[in-house]
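Taking it in order: structure first as structure tokens, then the write-up.
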Amino acid sequence: AIHADGPSILEEIGNYFRLKPGSLGPPKLYLGGKVSRIKLPNDVWAYAFSATQYVKEAVHNVESYLKTMDYKFSSKAQHTPIPTSYHPELDSTPELNDKETKYYQSLIGILRWIVELGRLDINFETSIMSSHCMMPRVGHLMHVINIFRYLKHHANARLIFDPTYP
């Protein structure tokens with residue numbers, strides 16, 4: 001419960017449902033994202049939400065999978081999730097087999113969740129790549145993997161919820 005008087009609301013809920021001992025307190029995690037409080041330059045306290053932990057784990061899982069295929073990320077930082085010159089609808093590389101297609105679809109699911117956690121910088125790229133889930137090609141998979149490479153080098157991002165009136 002996020003409220004000006006959150007503890008009293010949770011105590012009221014505790015009258016009807018058993019709460020885990022020690023579970024009441026400031027929020028720390030929410031749906032895979034880290035919640036924290038920060039002080040803004042205008043001396044106002046605000047909540048910040050970061051998917052960094054989830055992103056790092058997702059990138060680690062992709063890297064582990066790629067090692068089984070003798071492939072690894074380039075150490076060179078990537079500045080955009082997908083090159084602006086890439087047009088997935090024109091990709092004519094071979095189609096993925098059933099196993100690779102399922103992996104591609106799972107990566108798209110992970111990316112969509114990362115977008116839900118606030119990583120809006122990959123929203124467009126995730127959207128255009130998800131439109132190829134039914135018949136992905138090798139080129140599509142390589143570019144989705146490159147989105148994870150981008151995230152590896154740009155893992156630390158957060159949303160800050162400034163409570164001041166604009």
Side-chain angles (χ1 to χ4, degrees), residues 1-69 71-73 75 77-82 98-131 133 136 141 143-166:
I2 295 179
H3 187 273
D5 190 19
S8 67
I9 291 172
L10 291 171
E11 287 174 14
E12 180 69 23
I13 291 172
N15 291 332
Y16 302 97
F17 300 97
R18 185 175 31 189
L19 300 177
K20 187 176 172 182
S23 65
L24 298 181
K28 294 180 182 80
L29 287 174
Y30 181 71
L31 299 175
K34 181 181 175 188
V35 180
S36 59
R37 285 184 47 128
I38 62 165
K39 193 171 189 177
L40 301 176
N42 61 357
D43 289 332
V44 172
W45 284 94
Y47 279 101
F49 188 77
S50 169
T52 302
Q53 181 179 346
Y54 185 87
V55 168
K56 286 182 178 180
E57 187 63 29
V59 167
H60 173 73
N61 289 340
V62 170
E63 287 180 315
S64 296
Y65 180 81
L66 293 177
K67 281 181 186 175
T68 66
M69 301 170 65
Y71 181 85
K72 65 179 183 176
F73 288 155
S75 60
Q78 188 167 324
H79 301 291
T80 59
I82 293 178
D98 287 346
K99 181 181 177 186
E100 293 164 333
T101 296
K102 288 178 183 172
Y103 184 63
Y104 179 87
Q105 292 167 343
S106 72
L107 292 180
I108 292 296
I110 292 166
L111 289 173
R112 290 180 73 166
W113 185 247
I114 290 171
V115 170
E116 288 292 322
L117 290 176
R119 289 303 301 263
L120 304 179
D121 55 331
I122 63 165
N123 187 27
F124 174 73
E125 293 81 357
T126 300
S127 178
I128 63 169
M129 297 311 290
S130 69
S131 66
C133 277
L141 179 59
H143 281 85
V144 165
I145 288 170
N146 280 332
I147 296 173
F148 283 93
R149 188 175 116 206
Y150 166 83
L151 288 171
K152 178 179 182 171
H153 295 285
H154 300 88
N156 295 325
R158 62 184 174 182
L159 293 174
I160 298 173
F161 303 99
D162 185 348
T164 57
Y165 190 78

Side-chain heavy-atom pair Tyr47, Ile38 within 4.5 angstrom cut-off: no

Hey, can you pull the donor-acceptor pairs under 3.5 Å for the side chains in residues 4-14, sequence neighbours left out?
residue	atom	partner	partner atom	Å
Asp5	OD2	Ser8	OG	2.6
Ser8	OG	Asp5	O	3.0

State, yes or no, whether a side-chain contact exists between Glu125 and Val144 at a heavy-atom distance under 4.5 Å. no

List, one per line, each side-chain donor-acceptor pair under 3.5 Å for residues 158-166, sequence neighbours excluded.
residue	atom	partner	partner atom	Å
Asp162	OD1	Thr164	N	3.0
Asp162	OD1	Thr164	OG1	2.7
Asp162	OD2	Thr164	OG1	3.2

Taking every non-hydrogen atom, the tightest pair across Pro136 and Cys133: CD-O, 3.4 Å

Output for pair (Ile114 CD1, Leu120 CG), nearest 0.5 Å, gives 12.5 Å

Identify, with sequence neighbours excluded, every residue that meets side-chain contact (heavy atoms from CB on, under 4.5 Å) alongside His143. Ile82, Pro83, Tyr86, Met129

To the nearest 0.5 Å, what is the distance between CD1 on Ile122 and NE2 on His154? 12.0 Å

In this structure, OG1 of Thr52 is separated from CG of Asn156 (nearest 0.5 Å) by 4.5 Å

Quick one: side chain to side chain donor-acceptor pair (under 3.5 Å) partners of Ser130, sequence neighbours excluded? none

With rounding to the nearest 0.5 Å, note down the distance linking NZ in Lys102 to CG in Asp98. 6.0 Å

Say you draw a straight line from OG1 of Thr101 to CG of Leu141; how long is it, rounded to the nearest 0.5 Å? 9.0 Å

Rounded distance (nearest 0.5 Å) linking atom OG1 of Thr126 with atom CG of Leu107: 10.5 Å

Under the 3.5 angstrom rule, does the side chain of Ser127 hit a backbone N or O of Asn123 as a donor-acceptor pair? no

Which pairs would a plain distance check flag for residues 53-67, meaning a side-chain donor or acceptor within less than 3.5 Å of a matching protein atom at least two apart in sequence or in another chain?
residue	atom	partner	partner atom	Å
Asn61	ND2	Glu57	O	3.4
Glu63	OE2	Lys152	NZ	2.6
Ser64	OG	His60	O	3.0

For Lys34, side chain to side chain donor-acceptor pair (under 3.5 Å) partners two or more places apart: none

Checking side chain to side chain contact (heavy atoms under 4.5 Å, CB included) for the pair His79/His153: CA distance, chi angles, key distance, verdict? CA-CA 8 Å; His79 301 291; His153 295 285; over 6 Å; no

